[in-house]
Amino acid sequence: MALCLNQVFNKDKTFRPRKKFEPGTQRFELYKKAQASLKSGLDLKTVVQLPPGENINDWIAVHVVDFFNRINLIYGTMSEFCTERSCPIMCGGLKYEYRWQDDNKYKRPTKVSAPLYMNMLMEWIETLINNEDIFPTRMGVPFPKNFQQVCNKILTRLFRVFVHVYIHHFDAIISVGAEAHVNTCYKHFYYFITEFSLVDHRELEPLKEMTERICH
(Lines give C-alpha, C1' and ligand atoms only; values in the text may rest on other atoms or scores of the structure.)
Protein backbone atom coordinates (compact mmCIF):
# COMPACT_ATOMS: atom_id res chain seq x y z
CA MET A 1 0.00 0.00 0.00
CA ALA A 2 1.45 3.34 -1.02
CA LEU A 3 1.71 6.36 1.21
CA CYS A 4 -1.68 8.00 1.20
CA LEU A 5 -2.56 11.53 2.23
CA ASN A 6 -5.86 10.31 3.67
CA GLN A 7 -3.99 8.30 6.29
CA VAL A 8 -2.42 11.43 7.69
CA PHE A 9 -5.44 13.18 9.09
CA ASN A 10 -5.73 11.08 12.22
CA LYS A 11 -4.37 13.82 14.48
CA ASP A 12 -5.40 17.42 14.16
CA LYS A 13 -1.98 18.90 14.79
CA THR A 14 0.31 16.36 13.15
CA PHE A 15 -0.24 17.17 9.51
CA ARG A 16 -0.09 20.63 8.05
CA PRO A 17 -0.94 22.00 4.61
CA ARG A 18 2.04 21.74 2.32
CA LYS A 19 4.19 24.82 2.00
CA LYS A 20 4.09 25.72 -1.70
CA PHE A 21 6.25 27.81 -3.99
CA GLU A 22 4.63 30.65 -5.90
CA PRO A 23 4.45 29.93 -9.67
CA GLY A 24 6.61 32.27 -11.71
CA THR A 25 9.24 32.73 -9.02
CA GLN A 26 12.83 31.54 -9.30
CA ARG A 27 12.26 29.29 -6.28
CA PHE A 28 9.33 27.63 -8.07
CA GLU A 29 11.47 27.02 -11.16
CA LEU A 30 14.23 25.52 -9.01
CA TYR A 31 11.68 23.32 -7.27
CA LYS A 32 10.39 22.08 -10.63
CA LYS A 33 13.95 21.39 -11.77
CA ALA A 34 14.68 19.40 -8.60
CA GLN A 35 11.43 17.41 -8.93
CA ALA A 36 12.09 16.67 -12.60
CA SER A 37 15.55 15.34 -11.71
CA LEU A 38 14.05 13.13 -9.02
CA LYS A 39 11.54 11.65 -11.43
CA SER A 40 14.09 11.15 -14.21
CA GLY A 41 15.69 8.19 -12.49
CA LEU A 42 19.00 9.97 -11.98
CA ASP A 43 21.22 8.82 -9.14
CA LEU A 44 20.20 10.65 -5.96
CA LYS A 45 23.80 11.67 -5.31
CA THR A 46 23.71 13.52 -8.62
CA VAL A 47 20.24 14.97 -8.07
CA VAL A 48 21.27 16.90 -4.94
CA GLN A 49 24.23 18.66 -6.54
CA LEU A 50 23.93 22.42 -7.06
CA PRO A 51 22.95 23.12 -10.69
CA PRO A 52 25.46 25.32 -12.56
CA GLY A 53 24.80 29.02 -12.10
CA GLU A 54 22.28 28.61 -9.30
CA ASN A 55 22.49 30.30 -5.90
CA ILE A 56 23.28 27.84 -3.12
CA ASN A 57 20.91 29.51 -0.64
CA ASP A 58 18.02 29.22 -3.10
CA TRP A 59 18.88 25.56 -3.62
CA ILE A 60 19.02 24.90 0.13
CA ALA A 61 15.76 26.81 0.73
CA VAL A 62 13.91 24.76 -1.88
CA HIS A 63 15.11 21.50 -0.34
CA VAL A 64 14.45 22.51 3.26
CA VAL A 65 10.83 23.27 2.41
CA ASP A 66 10.48 20.08 0.36
CA PHE A 67 11.98 17.91 3.09
CA PHE A 68 9.73 19.55 5.66
CA ASN A 69 6.69 18.61 3.56
CA ARG A 70 7.88 15.04 2.97
CA ILE A 71 9.02 14.26 6.51
CA ASN A 72 5.91 15.85 8.00
CA LEU A 73 3.86 13.52 5.79
CA ILE A 74 5.93 10.47 6.77
CA TYR A 75 5.51 11.13 10.48
CA GLY A 76 1.83 11.95 10.06
CA THR A 77 1.30 8.61 8.34
CA MET A 78 2.46 6.71 11.40
CA SER A 79 1.62 9.18 14.17
CA GLU A 80 -1.12 6.88 15.50
CA PHE A 81 1.66 4.50 16.55
CA CYS A 82 3.65 7.26 18.30
CA THR A 83 1.77 8.23 21.44
CA GLU A 84 2.45 9.72 24.86
CA ARG A 85 2.21 6.19 26.21
CA SER A 86 4.38 4.40 23.66
CA CYS A 87 6.96 7.17 23.36
CA PRO A 88 7.05 9.20 26.61
CA ILE A 89 10.54 10.45 25.72
CA MET A 90 11.73 11.72 22.34
CA CYS A 91 14.67 9.44 21.64
CA GLY A 92 16.48 7.18 19.22
CA GLY A 93 16.93 3.93 21.11
CA LEU A 94 18.44 3.83 24.58
CA LYS A 95 21.55 5.83 23.68
CA TYR A 96 20.11 9.01 22.16
CA GLU A 97 17.64 11.37 23.81
CA TYR A 98 16.47 14.58 22.15
CA ARG A 99 15.33 17.45 24.33
CA TRP A 100 13.30 20.41 23.09
CA GLN A 101 14.42 24.02 23.27
CA ASP A 102 13.02 27.14 21.63
CA ASP A 103 12.93 30.87 22.25
CA ASN A 104 9.48 30.83 23.82
CA LYS A 105 8.17 28.33 26.34
CA TYR A 106 11.21 26.05 26.48
CA LYS A 107 14.24 28.22 27.04
CA ARG A 108 16.31 25.30 28.33
CA PRO A 109 16.63 21.81 26.81
CA THR A 110 13.58 19.99 28.17
CA LYS A 111 12.66 16.31 28.17
CA VAL A 112 9.34 15.86 26.31
CA SER A 113 7.42 13.01 24.70
CA ALA A 114 8.02 12.15 21.07
CA PRO A 115 4.56 13.31 19.87
CA LEU A 116 4.96 16.64 21.66
CA TYR A 117 8.47 17.07 20.27
CA MET A 118 7.23 16.32 16.74
CA ASN A 119 4.31 18.73 17.01
CA MET A 120 6.47 21.57 18.35
CA LEU A 121 9.13 20.82 15.74
CA MET A 122 6.70 21.06 12.82
CA GLU A 123 5.18 24.27 14.19
CA TRP A 124 8.66 25.75 14.73
CA ILE A 125 9.79 24.90 11.18
CA GLU A 126 6.54 26.14 9.67
CA THR A 127 6.98 29.48 11.43
CA LEU A 128 10.54 29.79 10.13
CA ILE A 129 9.86 28.91 6.49
CA ASN A 130 6.91 31.31 6.40
CA ASN A 131 9.05 34.14 7.80
CA GLU A 132 9.98 36.45 4.91
CA ASP A 133 13.00 37.73 6.85
CA ILE A 134 14.48 34.21 6.90
CA PHE A 135 13.06 32.59 3.77
CA PRO A 136 12.51 35.58 1.45
CA THR A 137 10.33 34.88 -1.59
CA ARG A 138 10.46 38.28 -3.30
CA MET A 139 12.96 38.84 -6.10
CA GLY A 140 16.02 40.79 -5.05
CA VAL A 141 15.50 40.29 -1.30
CA PRO A 142 18.70 38.73 0.12
CA PHE A 143 18.87 35.83 2.52
CA PRO A 144 19.92 36.73 6.08
CA LYS A 145 23.55 36.17 7.01
CA ASN A 146 22.60 33.35 9.37
CA PHE A 147 20.42 31.56 6.80
CA GLN A 148 22.54 28.42 6.50
CA GLN A 149 22.91 28.26 10.28
CA VAL A 150 19.10 28.29 10.60
CA CYS A 151 18.83 25.58 7.94
CA ASN A 152 21.45 23.48 9.71
CA LYS A 153 19.27 23.50 12.82
CA ILE A 154 16.09 22.70 10.88
CA LEU A 155 17.73 19.79 9.04
CA THR A 156 19.37 18.47 12.20
CA ARG A 157 16.00 18.32 13.92
CA LEU A 158 14.35 16.76 10.87
CA PHE A 159 17.04 14.08 10.89
CA ARG A 160 15.95 13.23 14.43
CA VAL A 161 12.49 12.44 13.07
CA PHE A 162 14.07 9.79 10.85
CA VAL A 163 16.03 8.45 13.84
CA HIS A 164 12.90 8.07 15.96
CA VAL A 165 10.76 6.66 13.16
CA TYR A 166 13.32 4.11 12.00
CA ILE A 167 14.33 2.92 15.46
CA HIS A 168 10.93 2.94 17.18
CA HIS A 169 8.35 2.64 14.42
CA PHE A 170 9.90 0.59 11.63
CA ASP A 171 7.16 -2.03 11.99
CA ALA A 172 4.62 0.73 11.39
CA ILE A 173 6.49 1.84 8.26
CA ILE A 174 6.20 -1.70 6.93
CA SER A 175 2.57 -2.12 8.01
CA VAL A 176 1.43 0.90 5.98
CA GLY A 177 3.51 -0.18 2.99
CA ALA A 178 5.76 2.86 3.20
CA GLU A 179 9.19 1.25 3.56
CA ALA A 180 10.39 1.95 0.00
CA HIS A 181 9.05 5.51 0.09
CA VAL A 182 10.64 6.30 3.47
CA ASN A 183 13.95 4.76 2.44
CA THR A 184 14.04 6.82 -0.76
CA CYS A 185 13.18 9.99 1.13
CA TYR A 186 15.89 9.23 3.69
CA LYS A 187 18.51 8.60 1.02
CA HIS A 188 17.61 11.85 -0.75
CA PHE A 189 17.80 13.72 2.56
CA TYR A 190 21.08 12.07 3.57
CA TYR A 191 22.80 12.76 0.24
CA PHE A 192 21.68 16.39 0.37
CA ILE A 193 22.85 17.13 3.91
CA THR A 194 26.20 15.42 3.32
CA GLU A 195 26.72 17.10 -0.08
CA PHE A 196 26.62 20.52 1.64
CA SER A 197 27.78 19.48 5.16
CA LEU A 198 24.55 20.76 6.71
CA VAL A 199 24.33 18.37 9.68
CA ASP A 200 27.12 17.58 12.12
CA HIS A 201 28.41 14.04 11.56
CA ARG A 202 27.85 13.24 15.25
CA GLU A 203 24.10 13.67 14.73
CA LEU A 204 24.20 10.95 12.06
CA GLU A 205 25.57 8.27 14.41
CA PRO A 206 22.21 6.72 15.46
CA LEU A 207 21.49 5.58 11.88
CA LYS A 208 25.09 4.96 10.84
CA GLU A 209 24.77 1.21 10.25
CA MET A 210 21.51 1.50 8.33
CA THR A 211 22.89 4.38 6.28
CA GLU A 212 25.92 2.33 5.29
CA ARG A 213 23.57 -0.42 4.08
CA ILE A 214 21.19 1.67 2.00
CA CYS A 215 23.23 4.73 0.98
CA HIS A 216 26.60 3.33 -0.05
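Heavy-atom basis, side chains included; hydrogens, waters and symmetry copies ignored.
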For the ring pair [X] and [Y], is the centre-to-centre distance below 6.0 Å?
{"X": "Phe135", "Y": "Phe143", "result": "no"}
{"X": "Phe81", "Y": "His168", "result": "no"}
{"X": "His63", "Y": "Phe192", "result": "yes"}
{"X": "Tyr190", "Y": "Phe162", "result": "no"}
{"X": "Tyr186", "Y": "Tyr166", "result": "yes"}

Considering only heavy atoms from C-beta outward, does the side chain of [X] approach that of [Y] to under 4.5 Å?
{"X": "Tyr191", "Y": "Thr46", "answer": "no"}
{"X": "Val112", "Y": "Tyr98", "answer": "no"}
{"X": "Glu195", "Y": "Gln49", "answer": "yes"}
{"X": "His188", "Y": "Val48", "answer": "yes"}
{"X": "Leu158", "Y": "Ile125", "answer": "yes"}
{"X": "Ile60", "Y": "Val64", "answer": "yes"}
{"X": "Met118", "Y": "Ser79", "answer": "no"}
{"X": "Ile89", "Y": "Tyr117", "answer": "no"}

Please round to the nearest 0.5 Å and tell me the distance separating atom [atom1] of [X] and atom [atom2] of [Y].
{"X": "Thr184", "Y": "Phe189", "atom1": "OG1", "atom2": "CZ", "answer": "15.0 Å"}
{"X": "Arg157", "Y": "Leu155", "atom1": "CZ", "atom2": "CG", "answer": "12.0 Å"}
{"X": "Gln148", "Y": "Asn57", "atom1": "CD", "atom2": "CG", "answer": "5.0 Å"}
{"X": "Asn146", "Y": "Asn152", "atom1": "CG", "atom2": "CG", "answer": "10.5 Å"}
{"X": "Glu212", "Y": "Met210", "atom1": "CD", "atom2": "CE", "answer": "10.5 Å"}
{"X": "Asn72", "Y": "Met122", "atom1": "CG", "atom2": "CE", "answer": "4.5 Å"}

Taking all atoms of both residues into account, what is the closest heavy-atom pair of [X] and [Y], and its distance?
{"X": "Ile167", "Y": "Pro206", "result": "CD1-O, 4.2 Å"}
{"X": "Thr137", "Y": "Glu132", "result": "OG1-OE2, 2.6 Å"}
{"X": "Leu198", "Y": "Thr156", "result": "O-OG1, 4.3 Å"}
{"X": "Ile71", "Y": "Cys185", "result": "CG1-SG, 4.4 Å"}
{"X": "Ser175", "Y": "Ala172", "result": "OG-O, 2.9 Å"}
{"X": "Pro115", "Y": "Thr83", "result": "CG-C, 3.5 Å"}

Checklist entry - Between Trp100 and Asp102, do the side chains contain an N or O donor and an N or O acceptor separated by less than 3.5 Å? => result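 Distance-only check passes for Trp100 and Asp102.
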
Next on the checklist: Between Gln101 and Thr110, is there a side-chain donor-acceptor contact under 3.5 Å, judged purely by atom types and distance?
Outcome noted: no

Checking [X] side chain against [Y] main chain: does a donor-acceptor pair fall under 3.5 Å?
{"X": "His164", "Y": "Gly92", "result": "no"}
{"X": "Asn131", "Y": "Thr127", "result": "no"}
{"X": "Lys107", "Y": "Asp103", "result": "yes"}

Salt bridge [X]-[Y], side-chain N to carboxylate O under 4.0 Å:
{"X": "Arg160", "Y": "Glu203", "answer": "yes"}
{"X": "Asp43", "Y": "Lys45", "answer": "no"}
{"X": "Arg70", "Y": "Asp66", "answer": "yes"}

Next on the checklist: Before you tell me yes or no, could you show the steps for Leu204 and Thr211 under side chain to side chain contact (heavy atoms under 4.5 Å, CB included), namely the whole-Å CA-CA distance, both residues' side-chain angles and the distance that decides it to 0.1 Å?
Outcome noted: CA-CA 9 Å; Leu204 308 180; Thr211 302; over 6 Å; no

Item to check | Criterion side chain to side chain contact (heavy atoms under 4.5 Å, CB included) on Cys87 and Ser113, from CA distance to verdict | outcome: CA-CA 6 Å; Cys87 305; Ser113 68; 6.0 Å; no

Item to check | Neighbour count >12 (heavy atoms, 6.0 Å) for atom CD, Gln149 | outcome: no

Next on the checklist: Could you walk me through whether Asn69 and Val65 satisfy the side chain to side chain contact (heavy atoms under 4.5 Å, CB included) test, starting with their C-alpha distance in whole Å, then the side-chain angles of each, then the deciding distance to 0.1 Å, before giving a yes or no?
Outcome noted: CA-CA 6 Å; Asn69 286 332; Val65 172; 4.0 Å; yes

Next on the checklist: Could you walk me through whether Phe67 and Ile154 satisfy the side chain to side chain contact (heavy atoms under 4.5 Å, CB included) test, starting with their C-alpha distance in whole Å, then the side-chain angles of each, then the deciding distance to 0.1 Å, before giving a yes or no?
Outcome noted: CA-CA 10 Å; Phe67 287 134; Ile154 291 173; over 6 Å; no

